[in-house]
Each structure stands twice: as C-alpha cells, then as structure tokens.
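In what follows, chains carry the letters A, B, and so on, assigned in the order in which the sequence lines appear, proteins first and then strands, with residues in each chain numbered from 1.
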Protein chains: 2
Amino acid sequence: MIMKNKINYSLPTNRPPVHPGEILLEEFMAPFEITQKDMADRLKISRKHLSDIVHQKKPISLEIAHRLSKCFETSIDLWTQGQLNYDVWHALNNPSREVKKIKPFRLSE
Amino acid sequence: MIMKNKINYSLPTNRPPVHPGEILLEEFMAPFEITQKDMADRLKISRKHLSDIVHQKKPISLEIAHRLSKCFETSIDLWTQGQLNYDVWHALNNPSREVKKIKPFRLSE
DNA sequence: CTTAAATGTAACCTAAAAGGTTACATTTGT
DNA sequence: ACAAATGTAACCTTTTAGGTTACATTTAAG
C-alpha cells in the first residue's frame with residue numbers, strides 16, 4: 001500500500017529497498033538465462049553499463065526503464081518506481097548537510 | 001488508484017500531469033504569499049533555480065524534493081511522485097529513437 | 001505617479017552523473 | 001584446456017542540476 005501522505009515513512013525503520021538492477025538480474029535475466037552481453041545488446045547499451053546496473057553501481061534511468069519496459073513488456077513504472085523507492089530510502093537515511101538545515105515553514109514565521 | 005501492472009497506461013490518452021513546480025507555486029507558495037526570493041532562501045537554492053522550477057523549466061530533483069518535504073512537512077513522495085509522473089508521461093509520449101528500436105524479448109527468440 | 005520590491009530571463013560557468021570505449025584479468029561451462 | 005562470460009580499472013563525452021551576474025520588466029505600496 002502506497003502512502004503518499006505519510007510523512008517520510010522510511011526514516012531509520014525498515015531495510016533498504018532492493019535495487020531494481022537486482023530485480024532485473026534475478027527476476028528477468030536469470031530465469032531465461034539471458035547473458036549480460038545479450039541483454040546489453042537488446043537494450044542497446046554497453047556491457048559495462050549493464051554490469052554497473054545489475055551490480056547496483058548505476059541507477060536505472062528513465063530512458064533505461066523505458067527500454068526495459070519494451071523489452072519485457074512490463075509497465076515502465078515497475079522500473080521507475082523501484083529506482084525511486086531505492087533513491088528515496090537512501091536520501092532519507094543519508095540526508096545532505098543542506099537538508100538538515102531546512103526549517104519548517106510554520107515554525108519560522 | 002495506482003496501477004503498477006498496467007502496461008504503459010498513459011500512451012496518447014490523458015492530459016500531461018501537472019508539473020510539481022506548479023503545485024509548489026499554486027498550492028504552497030501562493031496561499032501563504034511566500035515570495036520566490038523568500039522561498040529560495042528557505043530552500044537554500046538560488047532565486048533563478050526556484051524560478052526555473054515554478055516555470056516548469058527545471059525538474060524537482062530528489063534533493064529539492066527532500067528540502068520541500070522538510071519545509072512544508074509533507075511526504076517527500078508528494079514531490080518525487082509528482083515529478084516522476086510528469087517525466088514518465090513525457091517519456092512515453094516522446095519516446096527516444098533508441099526506445100523505438102527495442103524489440104520484445106519473447107518475440108526475438 | 002513614483003519608487004522599491006519582486007520577477008523574468010539571457011549569458012555565462014561548474015560539478016556531477018549517465019553512459020561509452022578499450023583493455024585486461026578472472027570465472028565458468030563444456 | 002579452451003572459449004565464453006564476467007568484473008573492473010582507466011579513460012572520455014554529453015547532459016543536466018545548479019549557481020552567478022546583470023539587466024529589463026512587472027507589481028505593489030506610499
């Protein structure tokens with residue numbers, strides 16, 4: 001259940017969401033025994049880039065999400081939401097210095 | 001109702017989602033008569049940057065979404081989901097050349 | 001009406017991030 | 001033992017988030 005109105009629901013609780021690159025590897029490539037080279041070719045990206053994605057070193061961009069959605073006939077959201085969940089969790093758990101300085105509007109004046 | 005499993009649900013149907021910068025301006029700044037200069041200062045970004053955001057020329061990044069969530073005590077998702085909806089709609093309606101070349105896996109072999 | 005504050009925006013710049021290329025070492029399957 | 005698959009280091013290019021300065025225009029308040 002998605003709770004858009006719950007304020008920053010994943011503060012230090014819960015475990016980090018799984019990176020969508022892991023989903024790609026385990027749920028889509030492995031079951032069909034698609035090699036990284038083949039997958040990279042189908043997505044028209046470099047083998048290096050695909051490797052970085054499945055090793056969670058690079059995010060699944062909107063463009064790559066779009067390509068994955070066409071390749072596997074999934075919704076594009078499957079990938080974009082997975083990436084966003086991952087990014088948001090890490091943002092909330094590793095807030096920047098600047099973020100910590102932001103004061104609530106209603107308290108300031 | 002969010003439909004993660006509906007395949008690319010916003011093809012040429014529907015109107016484009018409203019840019020979250022418009023939400024910021026109309027739903028958060030205007031009601032409290034917060035000026036752009038003041039808002040920029042609170043978010044610790046430049047006036048130019050804030051202007052670009054409310055004029056829908058620049059996206060609300062994850063970092064800015066985080067700051068907005070602290071400033072207005074909203075969920076971070078209010079901003080990130082708004083931006084993602086906007087970005088996805090435009091991606092689906094203006095697919096890149098490369099995306100058009102991607103072939104479904106099950107059809108290829 | 002006049003003036004100050006607020007806003008739009010053009011023309012620049014910087015840093016980071018997405019993505020690629022090449023090369024080489026290691027792993028794995030047969 | 002050999003070929004295919006993979007990890008990864010070291011480089012590069014392009015895009016984009018974001019800033020700075022300067023100037024013109026708009027708006028609000030005395």
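The distance between atom CG of B:L62 and atom P of D:dT16, rounded to the nearest whole Å, is 18 Å. Atom CG of B:L24 is separated from atom C1' of C:dT7 by 15 Å (rounded to the nearest Å). Protein atom CG of A:L43 is 15 Å distant from nucleotide atom C1' of C:dA18, rounded to whole Å. Rounded to whole angstrom, the span from the CG atom of A:L25 across to the P atom of D:dA5 amounts to 15 Å. Rounded to whole Å, the distance from NZ on B:K44 to P on D:dG19 is 12 Å. With rounding to whole Å, A:D38 atom CG is found 14 Å from D:dT6 atom C1'. What separates NE2 of B:H49 from C1' of C:dA10 is a distance of 17 Å, to the nearest Å. Summarising the geometry, the separation between CD on B:E63 and C1' on D:dG19 is reported as 14 Å, rounded to the nearest angstrom.
Remark: side-chain polar atoms of A:D38 are not paired, donor with acceptor, to backbone N or O of A:I34 under 3.5 angstrom. Counting only distance, with no hydrogens or angles, the side chain of A:Q83 and the backbone of A:P59 share no donor-acceptor pair below 3.5 Å. Side-chain N or O atoms of A:R47 include none that pairs as donor or acceptor with a backbone N or O of A:K37 at under 3.5 Å. At distances below 3.5 Å, at least one donor-acceptor pair connects side-chain atoms of B:K70 with backbone N or O atoms of A:V99. A donor-acceptor distance shorter than 3.5 angstrom exists from the side chain of A:H55 to the backbone of A:S51, with no hydrogens or angles considered. For B:Q56 (side chain) and B:H19 (main-chain N/O), no donor-acceptor pair under 3.5 Å exists by modelled atom type.
Distance from the side chain of A:S51 is smallest for D:dG7 among the nucleotides D:dG7, C:dG19, D:dG19. In the set C:dT7, C:dG19, D:dG19, the nucleotide with an atom closest to the side chain of B:I45 is D:dG19.
A:Y86 and A:L62 fall into different hydrophobic clusters, where Ile, Leu, Val, Met, Phe, Trp and Tyr residues are linked whenever their side-chain heavy atoms come under 4.5 Å apart, directly or through other members. In this structure, A:L68 is not a member of the same hydrophobic cluster as B:I102, with clusters built from ILVMFWY side-chain heavy atoms closer than 4.5 Å.
Within 4.0 Å of B:T35, counting heavy atoms only, lie sugar-phosphate atoms of the nucleic acid but no base atom.
In this structure, the helix from C:dC1-D:dG30 to C:dT30-D:dA1 shows an angle of 50° between the axis at its start and the axis at its end, each fitted on 5 base pairs and rounded to 10°.
For B:K44, the NZ atom counts as densely surrounded, since its 6.0 Å shell holds more than 12 non-hydrogen atoms of other residues, nucleotides or ligands.
Shown for residues 52-61 of chain B: residues whose heavy atoms fall under 4.0 angstrom of DNA chain D, namely B:K58, B:P59, B:S61.
Using modelled atom types, one finds no donor on one side chain facing an acceptor on the other under 3.5 Å when comparing B:S69 with B:W79.
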Completion exercise
With B for base contact, S for sugar-phosphate-only contact and - for none (protein heavy atoms under 4.0 Å), nucleotides 21-30 of chain D reads -B--------

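A heavy-atom distance below 4.5 Å is found between the side chains of B:E63 and A:E98.
Listed pair A:Q36 / D:dG7 meets the phosphate criterion, a side-chain N or O lying under 4.0 Å from OP1 or OP2.
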Exercise for the section: Output, in order, the C-alpha distance, side-chain angles, deciding distance and verdict of side chain to side chain contact (heavy atoms under 4.5 Å, CB included) for B:R42 and B:R67. Expected result: CA-CA 9 Å; B:R42 290 176 187 280; B:R67 296 188 193 184; over 6 Å; no

